[in-house]
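See below for the structure under consideration.
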Protein chains: 2
Amino acid sequence: MTPAGRRIAAAAEELFYSRGITAVGVDLIAERSGVTKRTLYNQFGSKDHLVATYLRERDQRWRSLVQAALDVGETPVEAVTAPFEALRTWSETNSRGCAFINALAELPDPSHPAHRLATDQKLWLLNLFEELATRAGCSHPATLASQLLVLHEGALATQPLSVDTLSTTTELARCLVRSSVRDQERQALDHRP
Amino acid sequence: MTPAGRRIAAAAEELFYSRGITAVGVDLIAERSGVTKRTLYNQFGSKDHLVATYLRERDQRWRSLVQAALDVGETPVEAVTAPFEALRTWSETNSRGCAFINALAELPDPSHPAHRLATDQKLWLLNLFEELATRAGCSHPATLASQLLVLHEGALATQPLSVDTLSTTTELARCLVRSSVRDQERQALDHRP
DNA sequence: GGATGTGTTCACAGATCAGTATATCGGCGA
DNA sequence: TCGCCGATATACTGATCTGTGAACACATCC
């Protein structure tokens, strides 16, 4: 990506997230990034492609943040709720909710690339939760993973209400994981009396 | 509201929810409701007012549904999770997530009437949870209420992913309530030995 | 019978939307 | 020095957006 392309992508990300996708025109993005509309179209082809790039970059940044939270080297049980730690950092600079949920709200056409990106992101998180839960020795990893996903999305969705729910939600998530681990350990004892 | 006004409101609700607010023009709403654009503006004044009406009517419908779920006469403990029962019915015909979260995503201006409506709706639910939790004898009603709200919004937010999370979430909510009631009962016993 | 209110028809304003055409400029490698 | 490529400037298309103006039809009520 050329320097102009990076400036365009950065301006698009800021504007799309803060003002909404449909509400932001390409003219504004070009003006904000100090670039002509012609350059924008030479780089990205269409607004839809620019939207897809916006979501793709955001997804990558989010996954890197989660990976960083996993890399600090916690115990397997603590690692399960690492995405909630990442969310705490993320929320400090992203207070307008989940960009993917917002994108789905604005772009109802299921064939739009944003749909795949949004769905893939959530499913990635769901699978990550399940994998981490399995590794930590939880009793029903799939069920726990979907519960953690709901908690995660709920914390994101209630964010624009300016009611602090993240700390309470994180605590509940940790509690669920610990309880699930205990269940598994008890079952293991019961089966080997 | 005149007959034409009702038709307009009905068409607007259907279109706004299924396609998004910004993406739907007043011309389309007028055409769908068999009405001229002039009549639409005579009835509602502006698109923003029509949007506000759309959200207000939806809010009323939702609150009636929750009230109906409460009126079936369950035990106080079961009543706490009645909104989740209402959500099950609601989801059958509303599979595009929460209209208020979606509206907030599209209308970032905090002075837009949609913001107050959305915030008020969520706070109403939060207060309802707290009130029901208190009535059921839960140990920390405020904390439990915010956890239930997060679960509720999470179940709504994950709905467009076509991954069934509602039943698991409802079960978790019931489990939290029962556990909270047990805590309170145990504390009561401890304090009166 | 006139007044009022609801709704219709048609035309229009002014802005903004995504996307394109054409011509030019400057740097960089061959 | 010559082409090539990223980028620029300016102007434009055709569609769509919200919102308005003015004249007219039809009903109901006083």
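In what follows, every chain begins at residue 1, and chains take the letters A, B, ... in the order their sequences are listed. Here the structure is a predicted model, which is why all the values come from computation and not from measurement.
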Nearest-Å distance, NZ (Lys47(A)) to P (dC17(C))? 8 Å
Could you run through nucleotides 3-8 of chain C and give me one letter per nucleotide, 5' to 3': B if any protein heavy atom sits under 4.0 Å from the base, S if only the sugar-phosphate is that close, - if neither? ---SSB
Find the distance Leu40(B):CG to dT9(C):P and express it as a whole number of Å. 15 Å
Between Thr168(B) and Thr143(A), a side-chain donor and acceptor under 3.5 Å: no
Could you go through Ser139(A) and Ser180(A), starting from their C-alpha distance and side-chain angles, then the distance that decides it, and tell me whether this counts as side-chain hydrogen bond (donor to acceptor under 3.5 Å, both in side chains)? CA-CA 5 Å; Ser139(A) 59; Ser180(A) 182; 3.2 Å; yes
Do Glu153(A) and Thr158(B) have side-chain atoms, one donor and one acceptor, less than 3.5 Å apart? no
Distance check needed: dC10(C) C1' versus Tyr41(B) OH, whole Å only. 17 Å
Taking the ring centre of each residue, are Trp90(A) and His152(A) less than 6.0 Å apart? no
Roughly how many Å is it from CD in Glu31(B) to C1' in dC10(C), rounded to a whole number? 16 Å
Atom-to-atom span, CZ of Phe44(A) to P of dG19(C) - whole angstrom: 14 Å
If you define the side chain from C-beta out and look only at heavy atoms, does anything of Leu70(A) sit under 4.5 Å from Leu132(A)? yes
Taking DNA chain C as the partner, which of residues 14-27 of chain B come within under 4.0 angstrom of it by heavy atom? none
On the six-membered ring of Phe100(B), is Arg58(B) placed so that its NZ or CZ lies under 6.0 angstrom from the centre and within 45° of the ring axis? no
Under 4.5 Å between side-chain heavy atoms, counting indirect links through other Ile/Leu/Val/Met/Phe/Trp/Tyr residues: same cluster for Leu123(B) and Trp62(B) or not? yes
Looking only at N and O atoms, is any donor in the side chain of Lys37(A) or the base of dG19(C) less than 3.5 Å from an acceptor on the other one? yes
For atom CD1 of Ile29(A) and atom C1' of dT16(C), their distance in whole Å: 14 Å
Ion pair check, Glu185(A) and Arg182(A), cut-off under 4.0 Å: no
Closest-nucleotide 5' rank along DNA chain C - winner of Gly45(A) and Leu28(A): Leu28(A)
Note: Asp59(A)-Arg63(A) ion pair, threshold 4.0 Å (strictly below): yes
